[in-house]
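To start, the structure under review is shown below, and the notes come after it.
Ligands are counted one by one from 1 in listed order, and the atoms in each one are counted from 1 as well.
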Amino acid sequence: MLVLGLESSCDETAAALYENGVVLSSVVRGQVDLHRCYGGVVPEIASRAHLEAIDQVAVQALAEAGRGLAEVAGLAVTQGPGLVGALLVALNFAKGLGFSAGLPVTGVNHVKAHALSPFMVRPGAPPPPEPDFPLVALVVSGGHSHLYLMADHLAFSLLGQTRDDAAGEAFDKTAKLLGLGYPGGRAIEELAARGDPSAYRLPRPLWREGLDFSFSGLKTRVLTIYERENLAGRPADHPARAGLAAGFQAAVVEVLVDKLRIALETTGAKGAVLAGGVAANGALRAAAQAMTQAQGRPLFVPPLAWCADNAAMIAHLGARQLAAGENILDLGAEARPRWPVV
Ligand code: KG4
Ligand code: ZN
């Protein structure tokens, strides 16, 4: 079944063509340049940029796959969670296109789609590993830090979540404090690579206290050290600044991986999933790999390009939903900005 996926939940306008487990094309148009000077995503600017781009990315996804709209059997669109004005763009585009072309439209949960992103493949690549369930999924992005137990591809239960900032939000806010600009995750990772993670003592929030996360106190501690040591006056790549970035990254990674380990042990899950924008972080990938390897459990993690927001993952989950006749939207369907996975 050929599925056109559409995504506009935050600051990426994306479209992808997907068939039988394989991503035929994945077009992502980012908006970083529009939001950078504000230090974060401005919802109104995001919505307008999505409006300008949504038809173009859809046409490009079809062209790159060498397929026509007449061949598409169904549409999959992010229905939530996300910024409401941003969500509405792809949602209304999908509803209009579905209505005019007589195609079913399924509404996809963006976070659930991240969790399933390790199981889709590029053309010509070997088929995706068939996981043994249950799995524990750690989904870490700009808006979410969640631990789920997946009984199968579609059955999720919540094990833990952040009580304040999401992991990616903590990276972005800390990067802003360090004057690294927006978006911050990648910039922190680059600076941290040159720093000593033990240069400063930083807390491990909620260490061994259940499976919830908390990152806002860590960010505040970074600010306190930054001001106390007068790091603003130092060159951008000064060892003290690099040490602070490395210490922050190490604290986040250690907490995330330790909670993932505990979740695996307490649930007896057969393997782990690591997904979402923060899963692009090399230190996190390496630490999660080492931990799961030590446990003799497989780790499923998407390639770097599919960690960040994309429409391939929306089409991937949407294809399952379309086949099952699940969450088929009518023209009255609304965006679900706070849609929980469970
Ligand atoms: O999944 P995503 O593209 O959007 C949301 O659904 O939120 O995730 C974006 C988040 C941002 O907070 C960004 O700073 C973070 O992922 N991120 C990273 C890295 N690359 C992106 N965080 C840490 N290290 C990275 N290399
Ligand atoms: Zn996302």
| task | Give the residue and atom name of whichever protein heavy atom lies nearest to atom 22 (N) of ligand 1, and the separation in Å to one decimal. | result | G185 CA, 3.4 Å

| request: Using a strict 4.0 Å cut-off to heavy atoms of G168, name the atoms of ligand 1 that fall inside it. | output: 12 (O)

| query | Got an N, O or S from H144 under 2.8 Å of the Zn ion (ligand 2)? | reply | no

| D172, portion touching ligand 1 at heavy-atom distance under 4.0 Å | side chain

| Worked check of ring-ring contact (aromatic ring centres under 6.0 Å, His included) between H153 and F133 | CA-CA 8 Å; H153 284 103; F133 289 99; 5.0 Å; yes

| remark: If you compare G142, A113, A170, S9 by their heavy atoms, the one closest to atom 7 (O) of ligand 1 turns out to be G142

| message | So for ligand 1, is H144 a polar contact partner (N or O within less than 3.5 Å, distance only)? | response | no

| query | Closest non-hydrogen protein atom to atom 26 (N) of ligand 1, residue and atom name please, with distance? | reply | E189 OE1, 2.7 Å

| query | So does E334 have more than 12 non-hydrogen atoms from other groups sitting under 6.0 Å from CD? | reply | no

| request: Could you tell me the residue and atom name of the protein heavy atom closest to atom 17 (N) of ligand 1, and the distance to it rounded to 0.1 Å? | output: G277 O, 3.6 Å

| Against heavy atoms of H114, which atoms of ligand 1 measure under 4.0 Å? | 1 (O), 6 (O)

| message | Can you tell me which N/O/S atom of D309 has the shortest distance to the Zn ion (ligand 2)? | response | OD1

| Can you list the atoms of ligand 1 that are under 4.0 Å from a heavy atom of A308? | 3 (O)

| Are Q249 and ligand 1 in contact, using a heavy-atom cut-off of under 4.0 Å? | no

| message | Within the 4.5 Å heavy-atom criterion, are F171 and F248 side-chain neighbours or not? | response | yes

| Polar atom proximity, F171 to ligand 1 (N or O, under 3.5 Å) | no

| remark: Which of H146, K259, Q161 passes side-chain contact (heavy atoms from CB on, under 4.5 Å) with L211? It is K259

| Close approach, C10 and ligand 1, non-hydrogen under 4.0 angstrom | no

| task | Take atom CZ of R201 as the centre, draw a 6.0 Å sphere, and report whether it contains more than 12 heavy atoms from other residues, nucleotides or ligands. | result | no

| Looking at atom 15 (C) of ligand 1, what's its closest protein heavy atom, distance included? | V278 CG2, 4.0 Å

| request: For atom 24 (N) of ligand 1, grab the closest protein heavy atom and report residue, atom and distance to one decimal in Å. | output: N281 ND2, 3.0 Å

| Does the pair Q60 and E64 meet the rule for a side-chain hydrogen bond (donor to acceptor under 3.5 Å, both in side chains), with working shown? | CA-CA 6 Å; Q60 194 179 335; E64 285 187 12; 2.9 Å; yes

| Counting only heavy atoms not in R48, do more than 12 fall under 6.0 Å of its CZ? | no

| query | For P183 and ligand 1, does the shortest N/O to N/O distance drop below 3.5 Å? | reply | no

| request: For the Zn ion (ligand 2), decide whether H114 has an N, O or S atom at a distance under 2.8 Å. | output: yes

| field | Candidate pair E19 and R67, rule salt bridge (Lys or Arg N to Asp or Glu O under 4.0 Å), full reasoning | value | CA-CA 11 Å; E19 193 171 42; R67 307 292 281 266; 3.2 Å; yes

| request: Report the residue from L244, T174, V252 that forms a side-chain contact (heavy atoms from CB on, under 4.5 Å) with I188. | output: T174

| remark: Within 4.0 Å of some non-hydrogen atom of G143, the atoms of ligand 1 are 7 (O)

| message | Within this structure, what is the CD-CG distance for the pair E130 and D132, rounded to the nearest 0.5 Å? | response | 9.0 Å

| Protein heavy-atom partner closest to atom 4 (O) of ligand 1 - residue, atom, separation in Å | D309 OD2, 3.1 Å

| message | Quick check: do F215 and E169 have side-chain heavy atoms less than 4.5 Å from each other? | response | no

| task | Using a 4.5 Å cut-off on heavy atoms from C-beta on, say whether the side chain of L147 contacts that of L260. | result | yes

| query | Do ligand 1 and G276 have nitrogen or oxygen atoms that lie under 3.5 Å from each other? | reply | no

| field | Neighbour count >12 (heavy atoms, 6.0 Å) for atom CZ, R186 | value | no

